[in-house]
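Input: a single structure, listed below in structure tokens.
Every chain is numbered from 1 and lettered A, B, ... according to where its sequence line falls, protein lines coming before strand lines. As the structure is a computational prediction, the values presented were derived from the model and not from experiment.
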Amino acid sequence: MQTLERGALHAAPLLLGATLSVARSGQLVTVRITEVEAYEGERDPGSHAYRGQTARNATMFGPAGHLYCYFTYGMHWCANIVCGTPGTSSAVLLRAGEVTAGVDAAVGRRGALPGPKLASGPARLAQALGLGAGDDGTVLLSGPAPSVTEGVPLPDGVWLSGVRSRRRPGTLTGPRTGVSGAGGSGEFPWRFWHPGEPSVSPYRAAAARRRPGTVQS
DNA sequence: AAACTGATCTTCT
DNA sequence: GAAGATCAGTTTG
């Protein structure tokens, strides 16, 4: 995937609107990506790879087009798409998405009701897709997932489809979320989203303000 | 609506 | 031994 090899900062806005499908045990969940963050390896204080390669982040240093999944806060998994060329550590964190297929399976895994929050947030997104232990390093297959047909077993796999070739006009950027220290400052506005997506937190925050005409106490 | 807190454990210093 | 690319529930204003 040419686009991914050019690095996370290049690829991140192009992944908005793309779909990621995960099939396992005959269950298929597809998410349309709505919010991402770029992490650019050893020059990026916010990246897991800032202090070099370790056992945990080894996948980031491999070739583009693989999943980098990591465990954090003692209970959550998050998923990245590895970018760049081998030897560099570049990845795009998937921060939010809209579940477009397999809502029932996603709801079951999340233990939550369907809605904008089903895959909003990196850990929620990973959980909705069923990504976790054992998925780090998984290769991404190109194109849409095979369609589910009666009597034909669905092979396990992860598919990435619909990566843009040009950034969509109006794409918004901002500081990364949850990144402390220098990596979180405005020096790295490497978070990308499209306006008007209910699964993206800035939209929720804006929409949550007092509605026009509402009287405040 | 914002702020705070508990949960829970791997990873690296 | 401390911090962490988080989330959900509760408390406070």
Side-chain angles (χ1 to χ4, degrees), chain A residues 7-9 11-13 15-16 20 31 33-61 66-84 89-97 99 106-107 109-137 173-193 198-217:
Chain A
L9 201 44
L15 286 167
L16 294 173
L20 191 71
V31 153
I33 299 166
T34 60
E35 182 185 356
V36 296
E37 281 174 4
Y39 287 85
E40 285 291 3
E42 296 170 279
R43 70 182 170 108
D44 178 1
S47 171
H48 287 165
Y50 183 52
R51 300 186 187 281
Q53 183 170 348
T54 66
R56 178 209 208 183
N57 64 23
T59 301
M60 291 182 84
F61 288 80
H66 292 245
L67 286 177
Y68 166 50
C69 297
Y70 66 90
F71 184 68
T72 191
Y73 287 106
M75 63 194 86
H76 297 301
W77 288 89
C78 299
N80 295 248
I81 292 176
V82 176
C83 296
S89 52
S90 179
V92 175
L93 172 68
L94 305 177
R95 280 203 63 89
V99 179
V107 164
R109 288 178 181 138
R110 287 266 298 107
L113 296 173
K117 292 195 306 191
L118 191 57
S120 176
R124 296 188 189 121
L125 174 61
Q127 189 178 34
L129 286 169
L131 296 175
D135 293 301
D136 182 42
T173 71
R176 294 177 297 192
T177 310
V179 179
S180 58
S185 75
E187 193 182 346
F188 298 91
W190 291 353
R191 179 184 184 208
F192 301 85
W193 69 96
S199 59
V200 177
S201 34
Y203 178 86
R204 288 211 310 275
R209 292 169 204 240
R210 66 183 91 85
R211 291 168 301 178
T214 300
V215 180
Q216 49 176 320
S217 68

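Taking only side-chain nitrogens and oxygens, A:Arg191 never comes nearer than 4.0 Å to OP1 or OP2 of C:dA5.
A distance cut-off of 5.5 Å between ring centres, combined with a plane angle under 30°, leaves A:Tyr73 outside any stacking arrangement with the base of B:dA7.
Considering only residues two or more places apart in sequence or on other chains, A:His48 meets the side chain to side chain donor-acceptor pair (under 3.5 Å) condition with A:Tyr68. With sequence neighbours excluded, the residues forming a ring pair (Phe, Tyr, Trp, His ring centres under 6.0 Å) with A:Phe71 are A:Trp77, listed by chain and number. By the side chain to side chain donor-acceptor pair (under 3.5 Å) test, A:Ser47 pairs with no residue at all, sequence neighbours left out. A:Phe61 pairs by the side-chain contact (heavy atoms from CB on, under 4.5 Å) definition with A:Glu42, A:Ala49, A:Gln53, A:Asn57, A:Ser89, not counting sequence neighbours. Residues meeting the side-chain contact (heavy atoms from CB on, under 4.5 Å) test with A:Glu40, sequence neighbours left out: A:Ala8, A:Leu9, A:Arg43, A:Asp44, A:Ser90, A:Trp190. With sequence neighbours excluded, the residues forming a side-chain contact (heavy atoms from CB on, under 4.5 Å) with A:Ala91 are A:Met60, A:Asn80, listed by chain and number.
For A:Arg124, counting side-chain heavy atoms from C-beta on, the closest listed nucleotide (C:dT6, C:dA5, C:dC7) is C:dC7. Listed nucleotides: B:dA7, C:dT6, C:dA5. Nearest to the side chain of A:Tyr70: C:dA5. Residue A:Arg110 has its side chain nearest to C:dA8 when only C:dT6, B:dT8, C:dA8 are considered.
If you measure from atom CG of A:Asp136 to atom C1' of C:dA5, you get 15 Å, rounded to the nearest angstrom. The nearest whole Å value for the distance from the CG atom in A:Asn80 to the P atom in C:dT6 is 11 Å. For A:His48 and C:dG4, the NE2 to P distance is 10 Å, given to the nearest whole Å. Atom pair A:Trp77:CH2 and B:dT8:P shows a separation of 17 Å (rounding to whole Å applied). Look at CE on A:Met60: it is 10 Å from C1' on C:dA5, rounded to the nearest Å. Atom CD of A:Glu40 is separated from atom P of C:dA5 by 17 Å (rounded to the nearest Å). Rounded to whole Å, the distance from CG on A:Leu125 to P on C:dA5 is 17 Å. A straight line from CE of A:Met75 to P of C:dA5 spans 14 Å, rounded to a whole angstrom.
Remark: DNA chain C forms stems of 3 or more consecutive Watson-Crick or G-U wobble pairs, all pair distances under 3.5 Å, at B:1-7 with C:6-12, B:9-12 with C:1-4.
Here the closest heavy-atom approach between residue A:Cys78 and residue A:Ala123 is recorded as SG-N, 4.0 Å. The minimum heavy-atom distance linking A:Pro189 with A:Thr173 is given by the pair O-CB, 3.8 Å.
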Provide a list of protein-nucleic acid N or O atom pairs under 3.5 angstrom, restricted to nucleotides 10-13 of chain B.
{"unit_1": "B:dC12", "atom_1": "OP1", "unit_2": "A:Thr54", "atom_2": "OG1", "d": "2.2"}

Residues 129-136 of chain A side chain polar contacts: donor-acceptor under 3.5 Å, at least two apart:
{"unit_1": "A:Asp135", "atom_1": "OD1", "unit_2": "A:Arg24", "atom_2": "NH2", "d": "2.8"}
{"unit_1": "A:Asp135", "atom_1": "OD2", "unit_2": "A:Gly132", "atom_2": "N", "d": "2.8"}
{"unit_1": "A:Asp136", "atom_1": "OD1", "unit_2": "A:Thr59", "atom_2": "OG1", "d": "3.1"}
{"unit_1": "A:Asp136", "atom_1": "OD1", "unit_2": "A:Cys69", "atom_2": "N", "d": "3.1"}
{"unit_1": "A:Asp136", "atom_1": "OD2", "unit_2": "A:Thr59", "atom_2": "OG1", "d": "3.0"}

